[in-house]
Every structure is written in C-alpha cells, then in structure tokens.
Protein chains: 2
Amino acid sequence: MNLKQLSEKLSLSQTTVSRALNGYPEVAEETRRRVADAAKRFGYRPSPSARRLATGKAGMIGYVMPTGDAVHIDTHFIEFLSGIGDYARTHELDLALSPTNLDDEEATYRRLLAAHRVDAVYVSSPTTADWRIRLLEESGMPYIVHGRSEGHDFEFPFLDIDNEGAFHDAARLLLQLGHERIALLNGNEGQTFADHRERGMRKALAAHGLILPDRFVSRMTMTEENGYRAARRLLADSDRPTALICASLMQALGIMRAVGDLGLSIPDDLSLISHDDVFPFLKPEGFSTPLTTTCSPIRAAGERIAERLAARIAQTETGPVGEVWPVDLIVRGSVGRAPRKVTKQRLVSPA
Amino acid sequence: MNLKQLSEKLSLSQTTVSRALNGYPEVAEETRRRVADAAKRFGYRPSPSARRLATGKAGMIGYVMPTGDAVHIDTHFIEFLSGIGDYARTHELDLALSPTNLDDEEATYRRLLAAHRVDAVYVSSPTTADWRIRLLEESGMPYIVHGRSEGHDFEFPFLDIDNEGAFHDAARLLLQLGHERIALLNGNEGQTFADHRERGMRKALAAHGLILPDRFVSRMTMTEENGYRAARRLLADSDRPTALICASLMQALGIMRAVGDLGLSIPDDLSLISHDDVFPFLKPEGFSTPLTTTCSPIRAAGERIAERLAARIAQTETGPVGEVWPVDLIVRGSVGRAPRKVTKQRLVSPA
DNA sequence: AAAGCTTTCCAAAGCGCTTTGGCTGCCGCA
DNA sequence: TGCGGCAGCCAAAGCGCTTTGGAAAGCTTT
C-alpha cells in the first residue's frame, strides 16, 4: 500500500495525506484523524527510499568503527550502539557502520563524508585534540561527540557525563570514611574521560590536604586482566591503599579476584568504588559484595545522541551544544570505614 | 554531479550512461570506456536513494543484534561485522543493525521482515532447530546462516567451517603424540558448532579405541575466566589430562593462566590446542609459548557472507547452498609428546 | 536491392514520496 | 455588496535513477 493508493481510498490528494501524516499545519484536524486511522488500518508504511530521494536525506547515521590491530574491542561499544538503535528504529533512521582498520581511519572518514550516504556521524572515545572532530567540523556534516576533547580552538557539540564530578564524589566519600591512601585504576593515556576522572579525584584529595602519589595511579586498557594485575601490584605493597577507585566494572572484577587471591576482604581490608556504565549482563548490586558505583547508563547516552543527531539533521539543534550528564554515586556494601591499621601478618597471608 | 549532468557532458542519453556504468551489454566498448573515464574524472557517484527507489531494493543487509540481559557480548561479533562491512562498503550495500533485547527478538525479526527495509539478513550463532531460520525461510527474505543448525525439515543456505574436521585433526595429532587423556573445553550447550567440535574429537578418539569421559568435557561461555576455572578444576585432578583442546583463544588465555598458577608448563606438562577465529588483537603465534591452533579467519567469513547475500539479492544464487570451509591445523610450540607419567610431587606443587 | 538482423543508442515512463504554487470557499470587514 | 484574508485542499513538478519500448544505422542474407 503506497501513498497514492491510500489517498485514493480516502478520496484525498497525495499532498494532503502526506501532510496529514507528517504533521504539517495546513490540514484540518478531522481530516488528519481520518488519514491517521486509515493509515493504521491499511498498514501503510512510507517507503524510506522514496522519502530519502525526495528529501535528499540519507536517513542514516554513520559510525566509523575501528577494527584491526591494537584496537581494543570495547564492551561499551555494543551497549552504546544499542541505545542508538533504540532511537533509530523508531524514527526512520538507520545505523550504518563503516568498519575500518586504524591505518585507513582518516580515509574512511573522508569517504564517508564525500559519499553523502549518511546525514550525521558520531564520534566516540575522543582523545585529546582529536583530529576526527576537526575533520567533521570542517566538513559541515552534522555530528556529535560522545565524550569531550580538549585542545581545540573551536567549540563542538558533545554529550558527556560528569566524570570529574563523579570521581570527586567517590573520593570524597572514601575520605569521609577515613581513608587516606586511595588508589586509582584509570583508563588509557590520552582518553579525555580518564583525565577528567583523575582530576576529580585529585581535587577531592586536595580538599583534604592530600595528594595522589604516582604509584597509586595507573593507566590501562580497562580489562579484567589489567585490573587484576594492577591490584596485585598495589596490594602487595607494604603501605598498600585502603581504598581503590576504578574506571570500569571489568577492572573491578579483576580487583576483586586479586583481593580474593590475597585472602583479603572487601570492605574490611579494602574499600572499592567503580564506575559503572550499566551493562545488562553485569550488575554490581548482584556481586557477592555489592559494589559501590558511580553510575551512568551508557545505553541511554546512545539513545540521547541519536535523538540529538536527528535534531541536528533537522536543523532543530545547531551550534556547539554541550550536554553534561550528572553521575549518581550509589553506595553499596563495598565501602566501609578505613581499617585501623594494616597488620604485617595480613600482608603476607596467602590465599 | 548526477546522471543527467554527466550524460549531457558526454552528449549521451541517461539510459546509455546508466547502462554503460552498470555493465549492461547493449553499449559499445568504446562508449563504455568514455563513460567510465568521465565518471571517474567528474567524480560521479550514483545516489543510493535514487537507485534504491528505482530498483525497489533497499540496498541494505540487516542483522538483528541481541543485547540485554544474559547476552554474552561476543568478541567475534565485531570482527565478523568488519568482514561484512569490508564487502558492503565496496558494493553499494549498507549494514543496518537492529538492536533488540532477547525478549523482543522475534518481534524485531518480524518487524524487520515486514518493514521491507532490508534486502537480506544473516543469522549468526544458530542453535539446534533455530526458530529464526524457520521464520526467515517462510518469509521469503534472502538470508544466510553463519554456522549450521540441525533439526530442521528443510534445507537452508549457510556458511560454516569444518568444525568437526578441525577438532578431529587436532585430537588426532595429540593422539599421535601419545596423549591418551585429552580434555575438551567447549562452547555453550545448544550451539551447533560446539556439538560438531565435540563430535570430531570423539571420532578421533574412537579411532584409537578411546572415549571422552564426561569429566573431561565442559561446556561454557567462551571467556577467559571460564577457561581459567575449568582448567583449574581439570588440572587439580590426580589423573589430570595431559592435553587440552579448547574452542576459543579466550579460553586458551585462561587455561594458560591456570597452568602458570599451578606451576606447570606448556607443553612439558600439558599440550594445548585452541581454535582461533583470528582476531587482529590477539595472535597465538606471539604467545610466550606459541599456540597450536585450528585456524579459520572469521572476518573472511563475514566478507564471504556479504558477497553471497548480495548474490542472493541479485538472484544469482538460489536454493539451499551450503558452504563448508576447511580449517587449518597450525602446529606451534604448545604441543609436545605426552609426558611419561604424572608425578605425585608435581600434582601438589603450588604456584 | 529489399528484407531482416544486430548493434547501439534514445525518449520517456515510472519508482513513491515531498513540496511548490495555486485554487476554492467561507468569513469578517468596511 | 465587494473584497482581502485565511483555512483547507489539490495538481503537478521534481528527487536521480532504472528500464521499457522503440528507432536509426550498419550488416548480412537471398
């Protein structure tokens, strides 16, 4: 059933039916209702291709997906993608992926921009002075950055969470509980969000007259394995930290394994706070010791980005709009008062 | 630059130019060359939307991507997707993802089929008597299954690797090296590829008059963690296996960690063979003990599936074509002769 | 040399939608 | 009574491509 047939059934012109369906003002309310009814009854679905041809929009949002050597396949990616998809599928949008290996990334972007097959693009995991942002800014293609990037001489539209505030609050909580040796297991070098988190934590410490010693902060790809390693190293020290803040649940899992191996316990020997991007397959409240987290659903962010991209395509949103989402600190069983003292005995006790 | 403009520049009709570009026969070779030249020179790119409207094809291949509770985010997924994308981007195809949570999966499929927005679909990780295959078969939508599914009363097009042969060969190699206690760390219940692998291994053992005892085979989601756990359990046994075959590199990593923790060594105490789907970020030849693998690049499979889907859309390929790729057994340092005997001492030696 | 093929090209009709530029009544106003 | 204004509708012109149904020109055949 197409527009023409539908309009004939209604004894209306295609123009009117089209306008009724798309919410244009110059159509009587009563008519609009009739049209909407009929459309539903006959199961009318406008053809995307026709619409795209007529409007000149591709109806797609694009993402350049790096794959290849040295690319850490990110668990966040799919979850975020799902959020985008949630919005996309209900709004006549499609999500087109352009895989690329890291070497070709710039070429892939340029091709994407030139080929005019997508209406908007989003950029994830921006690094400092990310060249992709500059490229997009110059191209005129609507885009949104998920996260922030520093070191540009222009503003750009982004959606980010308040990483600094989140880790500030997390650290402050631990300080209030009497912890003074707090370590940070952070994301990789160059990732803006990791910089922000570290900054937030340092500020909280500074407010208590403390600093974050180098040996208490490590940067890493956020895997279980790396979390385990870093925790083993940290906890083997004679003046080991009494609390840990980490940047992802994967790291938290590794940390908990390390803690178990060493015969320590959470929160008695170590308080632990993790950032949680809210994965459906991993719930910190279900851990054997429920985990305190700074929490921000990444899927919702994906959905919001899709929504804003749609707005930018429609020119409803313009300019370098920045959006920073607050992050909740959810206190659960994994934090407790700082232990009085670390006994020698415990330090060497085996698994 | 569109077709009309290009055809004017060439003093040809749109028809001829279109045909020349699309390889139709009724155009002189010389003309075709002129057209191709001009097209390149002016950077002409046909508009996908227009083409789609005219041909009635959506120009997209679809994938229903499960996300949500209990979905194990699969590392294979992105790599496979990349393969699809490699083909897609050079062939006027786009890859459209429809995320869904597991509960809605069937509804999502039905919507996808009804909405007519994709020309073909692929199905991954089929289970026994997979309902998705039946649904697609009945819908008339072109599709290909990546893997196989048993228990259907009809044939269907698929691309699979020779899992049975691969694990047969792997087991045979170990048997030839004198191993008699060989354990299998397999994928999850219900996954056809895992069934096939187990079958192959059993056949090889049977040919040597051996069987695979229940305690030597475990099914699991193929993660590092699960590999570690299973290996710890197996290797703690007094009559522990002298060789292990596992279904993914992730498991292999876990196994190697377990072996290290127990103070054992590969291949002296344990021979290890893993299946390798060839991830760019994980190379078994680079392991401290290079790993023997059964090897089949999953990205190439993605590419091939895209190619075949394109053929099915064009009706070049029809019918229940099945394609089974051979799997290479690549012998590296992680296999050796079976140890003479397992000493008591070793069995209890700590990390 | 006329008839019949081939080869090579073209004009024009869609594909299904959006959007421009009217056209019709009907109301209110002077 | 006449006229401008407005709400509500329509016809038709695209959007850029593919494809149908010729048609002209060149060759072969009888």
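Numbers restart at 1 for each chain; the letters A, B, ... are given by sequence-line order, proteins then strands. Heavy-atom basis, side chains included; hydrogens, waters and symmetry copies ignored.
What separates NZ of K57(B) from P of dC17(D) is a distance of 19 Å, to the nearest Å. The CG atom of L53(B) sits 12 Å away from the P atom of dC17(D) (whole-angstrom rounding). One interatomic measurement links the two molecules: CG of L3(A) to P of dA12(D), which rounds to 17 Å at whole-angstrom precision. Atom P of nucleotide dA11(C) and atom CG of L12(B) are separated by 10 Å, given to the nearest angstrom. L6(B) has its CG atom 9 Å from the P atom of dC17(D), to the nearest Å. Distance N2(B) CG to dG16(D) C1': 6 Å, rounded to the nearest Å. For the pair R51(B) CZ and dG14(C) P, the interatomic distance rounds to 22 Å; values are reported in whole Å. Regarding K4(A), its NZ atom lies at a distance of 13 Å from the P atom of dA13(C), rounded to whole Å.
Put simply, the residue from R132(A), R111(A), E105(A) that forms a side-chain contact (heavy atoms from CB on, under 4.5 Å) with V64(A) is E105(A).
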Apply side chain to side chain donor-acceptor pair (under 3.5 Å) to Y109(A) and S139(A), showing your working.
CA-CA 10 Å; Y109(A) 265 98; S139(A) 76; over 6 Å; no
Given E106(A) and R110(A), is the salt bridge (charged side-chain N to carboxylate O under 4.0 Å, His left out) satisfied, shown in steps?
CA-CA 6 Å; E106(A) 184 165 349; R110(A) 292 194 183 277; 2.9 Å; yes
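Taking 4.5 Å as the limit, every side-chain heavy atom of S125(B) sits out of range of all side-chain heavy atoms of F77(B).
Remark: the backbone N or O of A20(B) is paired with a side-chain donor or acceptor of R32(B) at under 3.5 angstrom. S18(A) contributes no side-chain N or O that, together with a main-chain N or O of Q14(A), makes up a donor-acceptor pair within less than 3.5 Å. At distances below 3.5 Å, at least one donor-acceptor pair connects side-chain atoms of Q5(B) with backbone N or O atoms of N2(B). At distances below 3.5 Å, at least one donor-acceptor pair connects side-chain atoms of D119(A) with backbone N or O atoms of G59(A).
Against DNA chain C, the stretch residues 13-27 of chain A makes heavy-atom approaches under 4.0 Å through Q14(A), T15(A), S18(A), R19(A), N22(A), Y24(A). Residues of residues 310-317 of chain A that place a heavy atom closer than 4.0 Å to DNA chain C do not occur.
Residue S11(B) is classed as a sugar-phosphate contact, given heavy-atom separations below 4.0 Å to backbone atoms only.
Comparing A50(B) and A28(B) along DNA chain C, the residue whose closest nucleotide (by nearest heavy atom) sits nearer the 5' end is A28(B).
Note: K57(A) NZ to L93(A) CG = 11.0 Å, rounded to the nearest 0.5 Å. Distance check, rounded to the nearest 0.5 Å: CG of L159(B) to CZ of R304(B) gives 7.5 Å.
The aromatic ring centroids of F158(A) and Y143(A) lie 6.0 Å or more from each other.
Side-chain nitrogen and oxygen atoms of T31(B) include at least one within less than 4.0 Å of the OP1 or OP2 phosphate oxygen of dC9(C).
For the helix from dA1(C)-dT30(D) to dA30(C)-dT1(D), the end axes, each set by the C1' atoms of five terminal pairs, are bent relative to each other by 50° (nearest 10°).
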